[in-house]
Amino acid sequence: MTVIKLTTQAYCKMLLHAAKYPHCAVNGLLVAENQKRKDGQPVLCVDCVPLFHGTLALAPMMEIALTLIDTWCKENKYVIAGYYQANERIKETRPNQFAEKVAARIAENFSEAALIMVDNSNISMGCYDPAISVFEHHDNKWKCRDASIDCCEDWSEAQKIMSALLEDRSYDSLIDFDNHLDDLRNDWTNPEINKSILHLC
Amino acid sequence: MASVSDMYDVTWEEMRDKLRKWREENYRNSEQIVEVGEELIQEHASKLGDDIWIIYEQVMIAALDCSRDDLATTCLHELKKQFQGSHRVKRLAGMRLEALERYDEAFKMYNDILQDDSTNTAARKRKIAILKAQGKSTEAIRELNEYLEQFVGDQEAWHELAELYINEHDYAKAAFSLEELMMTNPHNHLYCEQYAEVKYTQGGIENLELSRKYFAQALKLNNRNMRALFGLYMSASHIGASPKASAKVKKDNVKYAAWAASQINRAYQLAGHGTKETKCSLKAVEEMLESMQIMPS
């Protein structure tokens with residue numbers, strides 16, 4: 001079974017999204033480079049596109065986002081490789097029906113798609129533990145992967161940078177697709193945050 | 001630690017006015033409210049006059065959101081001193097207990113209020129909020145329905161109910177709740193648009209047609225609602241391509257979708273004026289619309 005890993009940029013933007021809207025559920029997509037992989041090579045999610053906050057379980061805007069981001073991916077030689085969701089309640093870490101549906105739809109196009117649930121209780125300034133659980137598709141069910149498997153390409157780098165971003169309150173300037181729909185000038189690729197992360201690396 | 005007034009070069013009056021704006025428009029930017037409000041209370045309390053009490057309340061609730069129990073307790077203390085025996089203050093004390101996850105004590109506090117005054121809607125709604133926080137969605141929905149039988153005009157409650165139903169994937173009941181809202185607020189484009197989204201999610205040709213109509217209605221009420229525009233495009237496209245639609249219906253919907261596509265392109269072009277960044281969005285949108293173009297059959 002292919003392993004999914006996240007780059008620092010993907011991991012940080014995902015958690016910044018959750019941190020920006022602590023009182024809401026949030027969700028988004030993860031993208032990987034579209035290239036042939038050798039057997040056993042992990043799928044590396046290089047970027048994250050934050051989508052919505054608040055009421056997530058409605059179809060039309062999700063469909064628009066998937067189609068639009070799919071088009072963007074093709075232009076940048078990426079592929080949509082995963083879906084993440086942070087639930088509204090801190091103790092709820094299981095994916096709901098909507099999450100599973102979206103992840104299944106992504107898996108139709110990319111068989112090794114992952115469903116990532118953000119573990120809200122593990123988000124802290126110190127970032128001691130990775131705050132995510134990775135679910136993989138086995139026999140038509142989404143099963144949680146062993147937590148001991150490293151989810152980040154470079155965890156110590158991700159940890160350091162995430163901590164710095166939270167201190168800086170960088171999440172204030174994170175743009176998700178909802179923000180984009182509110183004002184089209186808002187850029188959901190978050191170039192400024194990407195620059196900050198690169199700078200901190 | 002630099003003060004807010006130094007960092008942003010604002011006067012205390014501007015800070016007070018900002019807090020009022022956030023209060024009136026029901027923003028939940030708690031971190032900012034705590035930052036601005038705490039400084040206002042600490043440095044300028046004497047200048048605020050009677051405004052200070054409502055500011056204490058606003059800052060206290062924001063402090064609970066940010067786990068600042070110290071600040072919340074200070075505000076609560078001042079309010080208790082000033083308004084002894086007040087139900088409104090008691091509800092705030094209950095909210096603090098909720099923030100500390102002492103739900104049983106909070107529940108008791110709200111029940112005390114209700115014993116004294118059975119029509120106290122704030123206490124009833126907090127009880128429902130506790131159920132929601134505990135993950136007891138079915139009970140929360142049941143209690144909220146009971147509440148709405150008595151307080152039929154409470155829009156905030158109808159909206160909360162709609163969202164609870166959506167989270168439970170019970171789209172039919174969510175639609176019903178939104179219908180109540182649309183009846184009493186026919187000019188609110190947001191309710192129209194959300195109703196259309198629920199209908200679309202339910203699926204099936206009839207729901208898609210209804211969804212298209214309501215997206216169109218939302219657009220009529222506010223022609224800058226991008227979600228309504230995108231929604232109109234998606235629903236019309238799906239109907240136009242559906243084997244279950246009659247030839248005339250398909251033809252009409254292909255036209256609506258084409259119109260929506262041109263409006264979407266126009267909106268992106270207007271937004272992209274001058275900025276390099278949005279050019280990538282514009283290109284992606286153009287390509288997406290092209291690739292989804294429905295061939296009239």
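Letters A, B, ... are given to chains in the order of the sequence lines, protein chains preceding strands, and every chain is numbered from 1. Computed from a predicted model, the values in this text were never measured in an experiment.
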- Task: Test side-chain contact (heavy atoms from CB on, under 4.5 Å) on L58(A) and R227(B) and set out the steps.
- Result: CA-CA 12 Å; L58(A) 291 174; R227(B) 289 180 180 79; over 6 Å; no
- Query: So does D104(B) have more than 12 non-hydrogen atoms from other groups sitting under 6.0 Å from CG?
  - Reply: no
- Looking at CG of N96(A) and CG of N167(B), how far apart are the two atoms once the value is rounded to the nearest 0.5 Å? 8.0 Å
- Message: Counting neighbours of CZ on R23(B) that are heavy atoms of other residues, nucleotides or ligands and sit closer than 6.0 Å, is the number greater than 12?
- Response: yes
- Which atom names give the shortest non-hydrogen contact between E197(B) and M61(A), and what distance separates them? OE1-CG, 3.7 Å
- Message: Atom CZ of residue position F110(A) - does it have more than 12 heavy atoms of other residues, nucleotides or ligands inside 6.0 Å?
- Response: yes
- Message: So for atom OH, which belongs to Y165(B), do other residues, nucleotides or ligands contribute more than 12 heavy atoms lying within a distance under 6.0 Å?
- Response: yes
- Message: Evaluate H180(A) against F230(B) for ring-ring contact (aromatic ring centres under 6.0 Å, His included), listing each step before the verdict.
- Response: CA-CA 13 Å; H180(A) 174 74; F230(B) 269 121; 7.9 Å; no
- Query: Between Q134(B) and chain A, which part of the residue has a heavy atom less than 4.5 Å away: side chain, backbone, both or neither?
  - Reply: backbone
- Looking at M234(B) and E63(A), what are the two nearest heavy atoms and their distance? CE-OE1, 3.2 Å
- Identify which of N76(A), T55(A), D70(A), I64(A) forms the greatest number of heavy-atom pairs closer than 4.5 Å to chain B. I64(A)
- K20(A) with E31(B): basic N within carboxylate O range, under 4.0 Å: no
- Task: Taking R89(A) for its side chain and A133(B) for its backbone only, find out whether a donor-acceptor pair lies under 3.5 Å.
- Result: yes
- Task: Heavy-atom distances under 4.5 Å only: say whether E101(B) touches chain A with side chain, backbone, both or neither.
- Result: side chain
- Message: I'd like to know if D182(A) pairs up with R224(B) as an ion pair, taking the criterion as any Lys NZ or Arg NE/NH1/NH2 lying under 4.0 Å from an Asp or Glu carboxylate oxygen.
- Response: no
- Message: Looking at every non-hydrogen atom in both residues, tell me the closest pair between M226(B) and L181(A) and how far apart they are.
- Response: CB-O, 3.5 Å
- Query: Highest number of heavy-atom pairs under 4.5 Å with chain B: which of E92(A), K74(A), R169(A), M62(A)?
  - Reply: R169(A)
- Message: Ring centres under 6.0 Å, that's the criterion: do H23(A) and Y27(B) meet it?
- Response: no
- Item | For T201(B) against P60(A), the heavy-atom pair lying closest together | OG1-CD, 3.7 Å
- Task: Kindly check if the number of other-residue, nucleotide or ligand heavy atoms within 6.0 Å of NZ (K91(A)) is above 12?
- Result: no
- Item | Which portion of A267(B) sits near chain A, non-hydrogen atoms under 4.5 angstrom | both
- Item | Under 4.5 Å from a heavy atom of chain A, the part of Y200(B) involved | side chain
- Task: May I ask you to check whether over 12 heavy atoms, not counting those of E156(B), lie within 6.0 Å of atom CD?
- Result: no
